There are 2 protein chains.
Amino acid sequence: MVKKSETSGRLDDAARAGWLYYVAGRTQDEIASSMGISRQSAQRLVSLAVAERLIKVRLDHPIAACLELANAVRNKYGLRQVDIVPSDPGAGAATVGIAEAAAAEIERWLKKTDPIVLAVGTGRTLKAAVDQLPAIECINHRIVSLTGNIAPDGSAAYYNVIFSMADAVKARHFPMPLPVLVTSAEERETLHAQQLVRSTLDMSAQADVTFVGIGELGIDGPLCVDGFLEKDEMMELMDNGAVGEICGWIFDSEGKLLDNPINERVASAPIPSRETSVVIGIGKGKRKMKAIKAAVTGHQINGLITDEEVAEYLLT
Amino acid sequence: MVKKSETSGRLDDAARAGWLYYVAGRTQDEIASSMGISRQSAQRLVSLAVAERLIKVRLDHPIAACLELANAVRNKYGLRQVDIVPSDPGAGAATVGIAEAAAAEIERWLKKTDPIVLAVGTGRTLKAAVDQLPAIECINHRIVSLTGNIAPDGSAAYYNVIFSMADAVKARHFPMPLPVLVTSAEERETLHAQQLVRSTLDMSAQADVTFVGIGELGIDGPLCVDGFLEKDEMMELMDNGAVGEICGWIFDSEGKLLDNPINERVASAPIPSRETSVVIGIGKGKRKMKAIKAAVTGHQINGLITDEEVAEYLLT
DNA sequence: TTTGCTCATGGGCAATTACTCAACCGTAAG
DNA sequence: CTTACGGTTGAGTAATTGCCCATGAGCAAA
């Protein structure tokens, strides 16, 4: 009781201070005196509210330039939905902006009243987006993971986003109790034949909407950084024309899935049908340009959330 | 074309600047140089984005709703201070939450360094609040009771809170050595003329801040339960339009003190001026709704601590 | 009880932001 | 051509905010 109530009491104070500051527009001095604390403490509470992600900021204006780019990209590649966020010239964090936009889009789907199946892939950008989600209750929806949640070392993979999502969203969650890569095509068959896995795979195939991160290849790409592939395996893949991956499925610059030993070992569910559902890819930045272009060219995805920089590249 | 596109172009710029500022977290200087404008112009664009409500800020915490309600109630009734605590739909205890909030507010006043006079009324809620107070030493302050401390049967009234307060707070205390109700207006005159009573009454009139419980009428209300009024007296009062009481002072649904024999026998000090001091009423729950609405409507109080349920009722 | 550690606090200061004011630009009316 | 006006700009300045640091309270281990 003591420790708990004190901690949450502090968060309550942070929320109150943050509200007074951002919503009511008071200065930190006013907040301090009205809450009976020092200005510095008020400042700390406000920044705590930000750090704890209690404060959500969203921009409610279609910036003309981004809208035009989005239209052009949608038409050129025949996508169902495109969101472009402004590029941040100063650069920096790879998920600034795009995470908020993706969160807004996820939220839009979750707020539907008709029950939906929402599938999620993996990736740092998607994780950042999910972290932006507010608390939502949507008990009618089901959320299913396309990718396994077990890393090469046997631990739960950090960037498996479905668990982060479960923190914020009250809906039924279906993780995929598999490694991301298995040792052989035969092992994959065996594992996928299990009843529990089978039903999750079936559900993912019925997804109404899917959010996936788009990963670039290279020794700095997620597959290597997270230890799924060795450096030399990666080099060989790239020599064979691989440029990107979604949920571990590796594709070439045409967006065709490669017919190689790695893809035979990917235990992820297939990317849901682009005919019957909306599959939204998320990614931005120079390093992902080629992968994104390939994904939209080969129709691995039919929706895209990215930034101006990538959008302009897609239009060249 | 010229005027229109320039205006919307300006809004676009504002949106972009606002995005860079709030979402990307860049400084106005950085925004200025990246957009090729002066720092002042960047600042203007950011504030324009706020003024045009392009920037939506949301606080993702249960307390946000309470703060919104508090603001609305404060504005609607012209109150100086409003605190709203979350309603606890499940639990029944009438003092859950509100007591802690009231205690925090009392503490805030007691921590002031300038000497103040703090007046207290009576009531179960106020008692519960005072029980939440930590030990404080504030020898510069004076605490004065508005109500008598003698019950109808001659015992010390349990819900006279000043004695509970004395347990926790080291400050000079001034109880009111009177019954709550006397037998006639004449007796009240006589008692109030006593030197000791006189000086306490004078002090209460100078209160900087006052905390009072708001009591509902009815045969289950405090005046009946504690034996101050008989059932038939209560029925008659209610027939005459009485809906609530503060320190025994009975008022109608407009918040006007009733001109009746009961009020002539109330020995409590008058409620301190709402012009010169802060008078904070405390109460929550369905049964007190009418009384609370009357009290704020008739400006018997200019501050309020209550719960969401009552706040919503006050706004209808 | 002492010691060492963590963490919240408030003071102080530098960075950042908001506001005021005079000047300026383009336009339209006289 | 002049004048008045609405709106914008940059400079300057006051207000506000972010951050570092010394301090002290609280607490657990010795």
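Computation of the quantities below employed the complete heavy-atom set of this structure, encompassing side-chain atoms and omitting hydrogens, waters and symmetry-equivalent molecules. Proteins come first, then strands; the chains are lettered A, B, ... in the order of their sequence lines, and each starts at number 1. As the structure is a computational prediction, the values presented were derived from the model and not from experiment.
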Specify the separation, in whole Å, of atom [atom1] of [X] and atom [atom2] of [N].
X: B:Gln43; N: D:dG10; atom1: CD; atom2: C1'; value: 13 Å
X: B:Arg39; N: D:dT8; atom1: CZ; atom2: C1'; value: 16 Å
X: A:Met35; N: C:dG10; atom1: CE; atom2: C1'; value: 16 Å
X: A:Arg26; N: C:dA18; atom1: CZ; atom2: C1'; value: 18 Å
X: B:Leu20; N: C:dT17; atom1: CG; atom2: P; value: 12 Å
X: B:Ile37; N: D:dA11; atom1: CD1; atom2: P; value: 14 Å
X: B:Leu45; N: C:dT17; atom1: CG; atom2: P; value: 14 Å

Got a donor-acceptor pair under 3.5 Å from the side chain of A:Arg44 to the base of D:dG18? no

Is the distance from OP1 or OP2 of [N] to the nearest side-chain N or O of [X] less than 4.0 Å?
X: B:Tyr21; N: C:dT17; answer: yes
X: B:Ser47; N: C:dT17; answer: no
X: B:Ser38; N: D:dG10; answer: yes

Give a yes or no on whether the backbone of [Y] and the side-chain of [X] come within a donor-acceptor separation of less than 3.5 Å.
X: B:His141; Y: B:Ile116; value: yes
X: B:Arg53; Y: B:Ala51; value: no
X: B:Asn302; Y: B:Ser277; value: yes

Side-chain atoms of B:Gln28 come closest, of D:dT9, C:dT17, C:dG11, to C:dT17

Against the side chain of B:Ser41, the closest entry in D:dT9, D:dT17, C:dT16 is D:dT9

Within a radius of less than 6.0 Å around NZ of A:Lys286, do more than 12 heavy atoms belonging to other residues, nucleotides or ligands occur?
no

Review point. Checking all strands, does B:Gln40 fall into the base, sugar-phosphate, or nothing category for heavy-atom contacts under 4.0 angstrom?
Key: base

Are A:Leu304 and A:Asp83 packed together at the side-chain level, in the sense that at least one heavy-atom pair is separated by less than 4.5 angstrom?
no

